[in-house]
Amino acid sequence: MPELPEVETVVRDLRPVLVNRRIVAISVGPQLLRRPWQPEWEAKLLGDRVTAIRRRAKWIIVDLESARRLLVHLGMTGQLTVTSAGCPVLAHTHVIFDLDGRAEQLRFRDVRRFGSVELIGDETALQAFLAERVGPEPESLDPQGFALAICRSERPVKAILLDQHVAAGVGNIYADEALYHAGVHPQRRGRTLTGEEVERLRLAIATVIRQAIDNRGSTIRDYIGGSGLRGQFQNQFYVYGRTDQACRRCGSPISSVRVGGRASHFCPLCQPVHPRRKQRQRKVPSTTRADLCSDLSQGSTRF
DNA sequence: CCGACGTCCTGCTAGC
DNA sequence: TGCTAGCAGGACGTCG
């Protein structure tokens, strides 16, 4: 399941083999993707040349010479690869772009079809599209803004982390891992976190994401990079998918619960529901609470 | 406005 | 052995 690190890996893999290539033919399968392919896109794309490829949150942006942008989301099981045209086309391959020069194709494959491939008119339209869907990147979270998003919310902190407006690109795996390293239980309500915990969480998110990128992301089932390679970060999970296995720090068995409809993995000892000194949670106006949260102290994460 | 929950989709697996 | 129910979850719509 591609989250930010996996998408970043795909983009890095594709950059050397996709930039400067021209689209010379397109074929689209009959099955509908989340955002259905519009027939008029084909004529617009033919002959266009890729000038750059980049990432924003979990979205892949392919910049074209025409100023149009090809926008790709991998959903759960999406794969975007540059493949030799001679390679057999695997089942669930929905879009194939023939590239000029060497006989290669950019292929979009997605078993569960939660992903999408679409054409956006220009950079302005792209930015408008993204602005209403994603907030700041995890590596550049503003401490104040992040603290406010957490401390003003009544939701479980795990659900807040999955909100793309709060920390764009974080998904179920890295939310669980970050909460573990910050020592925060996934079911804690946002407004019950101390300023120190919020800051630990912010740092943990950035660190987990960075380490996952360094390891080419995590391959659980379907994920592969742009060159077909698997990720390696799954070997370094502390909690995700480790239910009943021993916590790497304290040895107690990892638990799992459902939070906001998603499986959440945590260590009951390292991430207590009620942290050591269970401080009184008085109902206070949100502005006052926000002031408390903005009083941040530097906390250490557990790496 | 906010939060909770249902929906989409397919393949794999646990359990009877 | 064969069948089925349940699970995986990112984004988005709907409902209270």
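Below, read A as the first sequence line, B as the second, and so on, with proteins coming before strands; counting in each chain starts at 1. Everything quoted here is computed from the prediction, not taken from an experiment.
The phosphate of dC9(B) has neither OP1 nor OP2 within less than 4.0 Å of any side-chain N or O from His92(A). At the phosphate of dT7(B), neither OP1 nor OP2 sits under 4.0 Å from any side-chain N or O atom of Arg34(A). Neither OP1 nor OP2 of dA8(C) sits under 4.0 Å from any side-chain N or O of Arg112(A). The side chain of Gln164(A) contributes an N or O atom lying less than 4.0 Å from OP1 or OP2 of dA11(C). For Arg258(A) and dA8(C), the shortest distance from a side-chain N or O to OP1 or OP2 is below 4.0 Å. The phosphate of dC9(B) has neither OP1 nor OP2 within less than 4.0 Å of any side-chain N or O from Thr77(A).
Distance from the side chain of Gln31(A) is smallest to dT10(B) among dG10(C), dT10(B), dA4(B). Proximity note for Lys58(A) (side chain, C-beta onward) versus dA11(C), dC12(C), dA8(C): the nearest is dA11(C). Closest to the side chain of Arg189(A), from the set dA8(C), dA4(B), dC12(C), is dA4(B). Taking the side chain of Arg133(A) as heavy atoms from C-beta on, and the options dA8(C), dG11(B), dC12(C), the nearest nucleotide is dC12(C).
Atom P of nucleotide dA4(B) and atom CD1 of Ile160(A) are separated by 9 Å, given to the nearest angstrom. The CD-C1' distance, from Glu132(A) to dA11(C), rounds to 13 Å in whole Å. In this structure, Leu90(A) places its CG atom 15 Å from C1' of dG11(B), rounding to the nearest Å. For the pair Arg262(A) CZ and dG6(B) P, the computed distance is 11 Å after rounding to whole Å. At whole-Å resolution of the value, CG in Leu130(A) and P in dA11(C) are 11 Å apart. One atom, CG of Asp163(A), and another, P of dC2(B), lie 11 Å apart when rounded to the nearest Å. One can place CD of Glu154(A) at 13 Å from C1' of dA4(B), the figure rounded to the nearest angstrom. In this entry the distance linking CG of Leu33(A) with P of dC12(C) reads 14 Å, nearest Å.
Figure legend: Arg202(A) and Phe146(A) shown without cation-pi pairing, the cationic atom not lying both under 6.0 angstrom from the six-membered ring centre and within 45 degrees of its axis. With Phe129(A) as the aromatic partner, Arg133(A) meets the cation-pi criteria of under 6.0 angstrom to the ring centre and within 45 degrees of the ring axis.
Ala263(A) comes within 4.0 angstrom of sugar-phosphate atoms only, judged by non-hydrogen atoms across all strands, and of no base. Counting non-hydrogen atoms under 4.0 angstrom, Ser116(A) reaches nothing in the nucleic acid.
Under 4.0 Å is where a charged nitrogen must lie from a carboxylate oxygen, and between Asp63(A) and Arg54(A) at least one such pair does. Looking at Arg69(A) and Glu123(A), a side-chain N of the basic residue comes within less than 4.0 Å of a carboxylate O on the acidic one, giving a salt bridge.
Considering Ile209(A), Ile205(A), Thr9(A) as possible partners of Leu4(A), the one that fulfils the side chain to side chain contact (heavy atoms under 4.5 Å, CB included) test is Ile209(A). The only option from His265(A), Lys158(A), Arg262(A) that meets the side-chain hydrogen bond (donor to acceptor under 3.5 Å, both in side chains) definition with Asn172(A) turns out to be Lys158(A).
Remark: dT1(C) base-pairs with no nucleotide; criterion is Watson-Crick or G-U wobble with both hydrogen-bond distances under 3.5 Å.
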